[in-house]
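Structure first, commentary second.
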Amino acid sequence: FPARIKWLKTKLENLESNLPTIDCVKFKQYLSYVDASTVSVLFITESFISPQAMFGRLALKIGRKNTDGLKSKGHVFSYLANIEATQNIPILIWKGLSGGYDGYFYLASFNDYQKNYNVYEDRDIWEYKLILSPAEVEIIVYHLWELKYASPKYYFFSYNCGTVIESLLKPALPHIKINSRLWDTPKDILSKICRNDLCETSNYYPSDFSKYKALVSIFTDREKMMIR
């Protein structure tokens with residue numbers, strides 16, 4: 001639990017001298033793979049392709065320093081419900097409300113994540129870079145490592161991809177409070193993050209369909225008829 005050890009060292013004097021030396025190869029590989037420099041909140045727009053997509057989705061994006069020359073766009077850390085593809089709607093809703101689904105945390109490259117939502121699901125992505133110091137970015141990345149085997153129950157209203165954002169940011173921002181109601185949608189959570197002056201910059205990744213609509217909007221009616 002590297003994040004917890006790191007926090008304890010700031011609170012307890014001489015703790016480090018009393019701890020055994022641990023050389024975790026997998027943790028070092030993870031830090032090298034993530035190569036973190038920034039943390040952003042991603043909002044994936046609403047969709048009617050499934051009930052769980054109707055209110056949008058939130059995730060964390062870990063921006064890379066790219067010290068290894070890969071020129072990667074970074075990685076995405078998200079919390080998902082383990083839902084069977086053939087699940088019928090009434091059962092899905094009931095299990096989602098009652099904690100019938102196991103949740104899991106997932107780390108993916110941003111390139112794959114963007115392709116999935118922009119191309120396959122035709123959903124826009126908004127990125128909001130958070131105002132964090134290098135030390136705050138580091139402890140968040142350490143905390144994400146601690147969650148790799150965690151599988152908390154997924155609740156559509158009270159513990160979902162949006163409300164989990166608070167707990168992911170808590171190690172760096174212990175006073176943050178963005179879950180204040182019985183039910184907050186991902187857009188509600190994002191709005192509260194921005195109102196707390198935590199957002200530095202934003203970026204927009206349009207879906208293929210949004211690009212098409214923007215392109216068609218500049219044509220005259222006659223030009224649109226010619227395209228058809």
Side-chain angles (χ1 to χ4, degrees), residues 37-64 66 69-90 92-93 96 101 105-131 154 156-157 160-165 168 178 181 183-228:
S37 62
T38 61
V39 175
S40 304
V41 174
L42 297 179
F43 175 71
I44 296 85
T45 53
E46 302 90 335
S47 172
F48 289 100
I49 61 172
S50 65
Q52 62 267 36
M54 290 174 61
F55 300 100
R57 168 166 292 282
L58 288 184
L60 288 186
K61 177 188 174 188
I62 312 300
R64 292 187 96 246
N66 286 318
L70 291 178
K71 297 182 180 179
S72 165
K73 291 182 180 179
H75 300 87
V76 177
F77 190 87
S78 57
Y79 175 59
L80 305 168
N82 190 13
I83 300 175
E84 301 89 343
T86 57
Q87 193 79 78
N88 67 64
I89 300 301
L92 187 150
I93 294 174
Y101 292 116
F105 294 98
Y106 180 65
L107 183 68
S109 74
F110 180 74
N111 289 338
D112 291 342
Y113 198 82
Q114 181 184 3
K115 186 175 183 179
N116 178 65
Y117 285 109
N118 281 171
V119 179
Y120 298 143
E121 296 191 12
D122 267 328
R123 298 166 70 181
D124 299 336
I125 300 174
W126 287 87
E127 176 185 357
Y128 297 84
K129 182 182 174 184
L130 300 179
I131 302 173
Y154 195 104
F156 284 171
F157 286 168
N160 52 51
C161 65
T163 57
V164 77
I165 294 296
L168 298 182
I178 53 179
R181 300 187 304 185
W183 178 40
D184 283 306
T185 68
K187 190 174 287 186
D188 292 331
I189 297 295
L190 178 62
S191 178
K192 291 176 184 179
I193 291 173
C194 293
R195 286 203 302 269
N196 276 274
D197 297 324
L198 295 174
C199 299
E200 181 179 357
T201 57
S202 61
N203 201 3
Y204 174 55
Y205 304 92
S207 66
D208 284 0
F209 184 61
S210 292
K211 293 176 184 177
Y212 169 77
K213 288 194 298 182
L215 181 63
V216 170
S217 67
I218 66 175
F219 296 147
T220 64
D221 290 340
R222 182 175 180 181
E223 289 172 330
K224 291 178 184 179
M225 291 297 296
M226 292 174 64
I227 294 174
R228 291 175 185 172

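We number each residue from 1, following the sequence as shown.
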Kindly compute the distance separating CG (Leu60) from CG (Leu130), expressed to the nearest 0.5 Å.
7.5 Å
Between Cys161 and Arg57, what is the shortest heavy-atom contact and its length?
CB-NH1, 3.2 Å
Looking at residues at least two apart in the chain, or sitting in another chain, which of them share a side chain to side chain contact (heavy atoms under 4.5 Å, CB included) with Lys213?
Phe209
Qualifying residues under side chain to side chain donor-acceptor pair (under 3.5 Å), relative to Asn116, sequence neighbours excluded
none
Can you tell if the side chain of Phe110 reaches within under 4.5 Å of the side chain of Tyr205, non-hydrogen atoms only?
yes
Interatomic distance, CG@Asn196 vs CD1@Ile193, rounded to 0.5 Å, equals 8.5 Å
Do side-chain atoms of Thr201 reach the backbone of Lys129 as a donor and acceptor pair under 3.5 angstrom?
no
Sub-3.5 Å donor-acceptor pair from the side chain of Asn160 to the main-chain atoms of Gly162, do we have one?
yes
Partners passing side chain to side chain contact (heavy atoms under 4.5 Å, CB included) against Ser210 (at least two apart in sequence or in another chain):
Asp124, Tyr204, Pro206, Ser207
Please name the pair of heavy atoms, one in Gly56 and one in Phe43, separated by the smallest distance, quoted to 0.1 Å.
CA-CE1, 4.2 Å
Pair listing, salt bridge (Lys or Arg N to Asp or Glu O under 4.0 Å) test, anchored in residues 112-122, at least two apart:
Glu121-Arg123
Looking only at side-chain N and O atoms, does Ser191 offer a donor or acceptor that is under 3.5 Å from a partner on Asp188?
no
With respect to Lys61, which candidate in His75, Glu127, Gln114 satisfies the side-chain hydrogen bond (donor to acceptor under 3.5 Å, both in side chains) definition?
Glu127
Who pairs with Tyr79 by ring pair (Phe, Tyr, Trp, His ring centres under 6.0 Å), at least two apart in sequence or on another chain?
Phe105, Tyr154, Tyr159
If we only count heavy atoms from C-beta on, is the Ile131 to Leu198 side-chain gap below 4.5 Å?
no
